[in-house]
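Just below is one structure, and these are the notes that go with it.
Every chain is numbered from 1 and lettered A, B, ... according to where its sequence line falls, protein lines coming before strand lines.
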Amino acid sequence: MNFVVPDFYPAAAEILVAVMALVIMLASTFARRIASDLAYGLTQLTLVLAACVTVLVSPNLLAAVAAVISEVPLFGVRLAEVLMGLSEGYAANEVVATFNGMFIGDMLGGLLKVFSLLAVGVALLYGRGYLADRKINRPEYYLLSLLMTLGMMVMISANHMLSLYMGLEMMSLSLYGMVAFDRESARSTEAAMKYFVLGALASGLLLYGMSMIYGATGSLELSGIAQSIYHQAANKTVLVFGLVFMLAGLAFKLGVVPFHMWVPDVYHGAPTAVTLMISSAPKLAAFAMTMRVLVYGLFELADQWQSMLMFLSVLSIVLGNLAAIAQTNIKRMLAYSGISHMGFVLLGLLSGVVDGDRNFALNAYSSAMFYAVSYVIMSLASFGMVILLSRAGFEAENIDDFKGLNKRNSWFAALMMIVMFSMAGIPFFIGFFAKLSVLQAVVAAGYVWLAVLAVLMSVIGAFYYLRIVKVMYFDEPVDTAPISAPGELRVLLSANGLAIAVLGLLPQGLMSLCAYALLASL
Amino acid sequence: MTGMPFLSLAIWIPILGGLLVLATGSDRNAPLARSLAMFIALAGFAVTVPLFLLFDASTSAMQFSEFLPWIPRFNINYHLGVDGISVLFVLLNAFITIIVVIAGWQVIQEKVAQYMAAFLIMSGLMNGIFSALDGILFYVFFEASLIPLYLVIGIWGGANRVYAAIKFFLYTLVGSLMMLVALLYLFMEAGGSFNILDWHKLPLAMPAQTLIFWAFLVAFAVKVPMWPVHTWLPDAHVEAPTGGSVVLAAIALKLGAYGFLRFSLPIVPDAAQAMAPMMIALSLIAVVYIGFVALAQTDMKKLVAYSSISHMGFVTLGFFMFNVVGMEGALVQMISHGFVSGAMFLCIGVLYDRMHTRNIADYGGVVKTMPKFAAFFMLFAMANAGLPGTSGFVGEFMVVLGAVQFNFWVAFAAASTLILGAAYTLWMYKRVVFGVIGNDHVAQLDDIGAREFAFLGILALCVMAMGLYPFPFTEVMHASVNELLRHVAVSKL
């Protein structure tokens with residue numbers, strides 16, 4: 001055996017998270033009394049450190065962040081200089097592969113990892129008080145979150161079907177456990193069971209697809225697959241069959257129609273803190289996985305998968321928006337709205353190649369990525385509001401629980417209004433620019449009818465978002481109990497809501513980060 | 001002086017000021033919120049005055065231009081500027097904002113800060129719409145202005161307010177999203193530019209022009225509103241509080257008509273020419289049919305709402321005849337309608353605040369208890385009917401004149417509004433104001449106070465001044481209208 005020590009450097013953040021997960025497991029076993037607080041603190045620390053490490057080791061990321069920051073008035077230029085000074089000597093290569101090509105370090109991965117880490121951190125902060133109120137604030141929750149994060153990071157950086165699958169399973173298994181975390185609740189357990197069974201089915205489909213693609217191309221490494229297809233060495237029929245199975249698995253993880261059945265039930269059944277988690281960072285990981293498989297591995301088959309994606313995205317946008325209207329439970333409503341948002345992300349992905357012309361690819365994929373990131377920001381804020389209104393023994397999960405919020409607390413009513421209008425795609429909020437960039441890509445690709453369909457469905461979507469604004473502003477409050485959320489939740493939620501408004505006024509920074517990440521990684 | 005960014009000030013003073021008013025918080029600080037709102041409204045008006053005074057009426061070029069890159073990724077710019085057409089609307093808007101603040105002074109007792117803030121923010125956004133020269137900037141202001149109006153109708157409106165608010169929002173959203181697709185298409189065709197002035201020069205094939213025309217038509221026809229997509233307006237008007245109705249009638253309806261001038265006509269002139277017969281037919285239906293509908297109303301606000309639709313039909317009619325008199329008449333009609341319909345809604349608001357009913361049948365003999373009010377109401381009713389000497393006459397007369405040049409029968413149908421308008425307005429006036437005192441409530445009415453006298457008086461002055469000497473208005477718009485017509489006459493195929 002000829003063993004070469006791999007370059008651990010690009011995977012430094014993953015290694016950090018893995019080590020810390022073990023440390024937390026041990027620490028919480030010994031320090032029983034303060035276990036959950038300790039685990040929470042260490043987890044947040046790990047997430048922040050991992051984000052910093054990711055920025056340092058990811059090629060170009062620091063320089064790109066510095067370039068965006070230098071646009072900020074007043075202190076921006078100075079701060080950017082400091083960052084540029086830091087970035088000297090760090091990762092200058094565009095793409096680094098390690099572990100025999102199983103793991104890849106590039107700016108796309110770095111950026112998505114940073115966003116995921118931040119999203120997990122925010123989700124943990126939002127959920128902590130909620131879990132404590134329900135007496136399920138146990139250290140295992142934080143441990144599972146970290147393992148999920150590790151899985152996502154591996155997925156995002158995977159350059160090989162096996163590492164991809166390993167990351168995916170690590171993320172999914174942690175999530176199954178988190179959904180069932182409130183083990184007294186029959187609904188949570190049922191949701192976890194559903195999620196597990198359907199998730200296992202999807203993993204099976206994915207594996208089956210992988211095996212077919214392996215059979216056709218003789219490689220599990222994404223770049224190897226791409227090359228084999230490029231040289232036309234692969235059997236097209238087997239390849240397309242494999243693609244179909246893989247796409248079904250991916251669609252399940254993204255939660256798009258017709259593989260969406262689990263989404264409303266799981267969102268509804270899981271404790272809200274977990275729903276918040278599922279609806280945020282894992283969407284970014286699923287987006288990364290889709291990008292890796294379809295664009296890095298199977299780009300030569302773009303014509304095939306684009307038409308499949310078109311089918312999935314049209315169905316998602318139509319069904320997600322229509323079904324959301326009928327919901328009275330806000331978690332279910334947001335689940336269906338999430339389905340339609342994922343449909344929009346796919347709209348961006350399917351406009352990359354037009355008649356073999358790849359000039360649109362960068363624009364299209366970066367708009368899809370911008371949409372995914374924007375959705376995560378909005379989704380965090382929307383479920384954060386649900387947590388804000390709930391308290392010990394009371395779940396604020398019906399739309400009626402938002403009645404008269406403007407009379408109870410006009411600040412949070414205004415924030416929720418911002419979130420809802422942003423999701424509906426009304427300017428000046430970030431959701432509008434996300435829709436704009438995706439629609440722009442769709443029109444550029446020549447699918448004007450698709451853009452028209454998407455905007456018509458947005459009008460239907462606007463109806464149920466407007467209904468939330470309506471109950472908050474036009475109705476009398478039913479529940480007059482004061483909002484009893486902890487201070488840090490209020491502050492962070494306010495920051496999150498304002499971020500939606502501020503990024504809506506100045507979306508350029510985030511847009512160009514996404515575009516630059518793809519430019520440096522494709 | 002010309003170096004000052006007057007347009008930016010006109011947009012952002014009301015918006016940021018509105019947020020400041022919002023920060024005064026609960027109703028304990030209501031007096032502060034009111035005075036602050038008044039101050040901001042006055043400041044907002046003050047910065048628009050130089051736009052009129054320093055305006056160079058001899059050129060059709062954009063003036064007071066401002067240009068900043070906003071989203072370079074899509075080449076979206078913060079590009080502002082006004083020509084002779086839009087400058088008037090910026091002024092009108094800033095002026096109406098003051099009236100609305102005064103009108104809500106005592107009537108609104110609940111969530112005062114939010115009410116005032118909504119109107120101020122809306123005013124800033126409307127100024128943005130009228131001065132944006134970038135397609136996306138226009139769209140952003142156009143859409144964002146829905147939010148405050150939605151809240152105003154929904155929170156402070158009448159019994160059926162929720163239905164009206166949602167209907168209003170969704171109707172206008174359908175239209176504007178279609179426009180968004182058209183804007184994106186133009187962006188592609190223009191090689192990555194959202195600059196409206198570039199689009200004016202962009203050659204387009206006829207099928208594309210037709211589709212774009214329809215997309216714009218959906219957006220703007222809903223806003224105008226043109227028959228048959230007008231049904232949201234009576235609902236929204238009836239349920240909105242007085243201030244909301246005034247802004248809707250005086251400003252919001254002008255957005256659609258303005259959109260025709262800024263987008264439809266210059267960007268797709270050939271399609272506009274081809275569609276002109278249909279547009280004229282729709283306009284005439286609005287003028288005549290909606291005039292009859294207005295005649296049948298029993299609710300005062302509904303009656304004025306229908307009369308607004310009928311008057312706006314006159315505006316679109318003036319646009320699509322493509323002659324100078326017609327178009328200038330339509331613009332004068334828009335400004336005049338801003339004053340007159342605003343004043344009509346304020347008058348109805350004065351009655352409603354005292355009686356809490358809008359039913360014509362609940363009134364009668366108001367002149368005996370409110371003589372000062374009756375005099376003002378008379379003037380505005382006459383202006384609404386298009387009596388010579390009031391602003392209402394100038395616009396209608398010019399459009400009819402343009403129609404005579406265009407086609408006698410069109411002019412004939414259009415002129416029927418002079419009779420219909422007089423019929424429904426004066427008949428309502430007669431039933432409400434004259435006759436014997438209808439009931440005990442009317443007998444106990446108090447006449448208007450100083451505050452109400454102030455805003456009705458100012459509007460009366462405007463209506464009279466514009467009726468007797470419209471030259472300053474037509475002079476400002478003349479060069480731009482000529483240029484627009486010259487542009488429309490050249491084919492882009």
**Item:** Part of B:W70 lying under 4.5 Å from any heavy atom of chain A
**Value:** both
**Asked** Run the side chain to side chain contact (heavy atoms under 4.5 Å, CB included) check on B:L173 and A:I426 step by step: do they pass?
**Response** CA-CA 9 Å; B:L173 190 66; A:I426 309 285; 3.7 Å; yes
**Message:** Can you see whether A:S437 engages B:R73 through a side-chain donor-acceptor pair at a distance of less than 3.5 angstrom?
**Reply:** no
**Asked** With chain A, which of B:V162, B:L22, B:V174, B:I166 has the greatest number of heavy-atom pairs at distances under 4.5 Å?
**Response** B:V162
**Request:** Could you tell me which portion of A:K435 (side chain, backbone, both or neither) has an atom closer than 4.5 angstrom to a non-hydrogen atom of chain B?
**Result:** neither
**Fill in**
Honestly, the part of B:I76 sitting under 4.5 Å from a heavy atom of chain A is side chain
**Leading residue by heavy atom contact count with chain B [cutoff under 4.5 Å; candidates A:A444, A:S410, A:S512]** = A:A444
**Request:** Taking the side chain as every heavy atom from C-beta outward, state whether A:Y464 and A:N321 have any pair of such atoms under 4.5 Å apart.
**Result:** yes
**Message:** Would you say the ring centers of B:F169 and A:F421 fall short of 6.0 Å from each other?
**Reply:** yes
**Message:** Quick check: do A:V469 and B:L151 have side-chain heavy atoms less than 4.5 Å from each other?
**Reply:** yes
**Item:** Check: B:G192 main-chain N/O paired with B:N75 side-chain donor or acceptor under 3.5 Å
**Value:** yes
**Request:** Answer yes or no: is there a side-chain heavy-atom contact under 4.5 Å between A:L493 and A:F412?
**Result:** yes
**Prompt:** When only heavy atoms count and the cut-off is under 4.5 Å, which of residues 207-226 of chain B reach chain A?
**Reply:** none
**Distance in Å, A:I430 CD1 paired with A:L436 CG, rounded so as to fall on 0.5 Å steps** = 12.0 Å
**Item:** Side chain to side chain, A:V419 and A:I500, heavy atoms closer than 4.5 Å
**Value:** yes
**Request:** List the steps and the verdict of side chain to side chain contact (heavy atoms under 4.5 Å, CB included) for B:W199 and B:L204.
**Result:** CA-CA 10 Å; B:W199 290 350; B:L204 287 165; over 6 Å; no
**Prompt:** Residues of residues 7-19 of chain B under 4.5 Å from chain A (heavy atom pairs)?
**Reply:** none
**Message:** When you compare the side chain of A:L112 with that of A:M369, does any pair of heavy atoms fall below 4.5 Å?
**Reply:** yes
**Message:** If I measure from the heavy atoms of chain B, does A:F432 come under 4.5 Å with its side chain, its backbone, both, or neither?
**Reply:** side chain
**Asked** Do the side chains of B:H79 and B:I196 get nearer than 4.5 Å, heavy atoms only?
**Response** no
**Prompt:** Would you say A:L346 and A:Y371 make side-chain contact, with heavy atoms under 4.5 Å?
**Reply:** no
**Item:** Non-hydrogen side-chain atoms of B:L170 and A:V459 separated by less than 4.5 Å
**Value:** yes
**Request:** Output the residues of residues 178-187 of chain B for which the shortest heavy-atom distance to chain A is under 4.5 Å, in residue-number order; output 'none' if no such residue exists.
**Result:** B:M178, B:L180, B:V181, B:L184, B:Y185, B:F187
**Asked** Do the ring centers of B:Y115 and B:F119 come within less than 6.0 Å of each other?
**Response** yes
**Shortest non-hydrogen contact from B:A236 toward B:F168** = CB-CB, 4.4 Å
**Prompt:** What's the verdict on side chain to side chain contact (heavy atoms under 4.5 Å, CB included) for A:L450 and A:L350, showing C-alpha distance, side-chain angles and the deciding distance?
**Reply:** CA-CA 11 Å; A:L450 204 52; A:L350 65 82; 3.9 Å; yes
**Fill in**
Residues of residues 129-150 of chain B with a heavy atom under 4.5 Å from any heavy atom of chain A, in residue-number order, are B:I136, B:Y139, B:V140, B:F141, B:E143, B:A144, B:I147, B:Y150
**Request:** Could you pull out the closest heavy-atom pair between B:V152 and B:G244, with the gap in Å?
**Result:** CG1-CA, 4.1 Å
**Fill in**
Ranking A:V442, A:D475, A:L505 by heavy-atom pairs under 4.5 Å to chain B gives rank one to A:L505
**Message:** Does A:M107 form a side chain to side chain contact (heavy atoms under 4.5 Å, CB included) with A:L513? I'd like the steps, not just the answer.
**Reply:** CA-CA 10 Å; A:M107 188 178 157; A:L513 259 187; 4.2 Å; yes
**Request:** Could you pull out the closest heavy-atom pair between A:M423 and A:H341, with the gap in Å?
**Result:** O-CE1, 3.5 Å
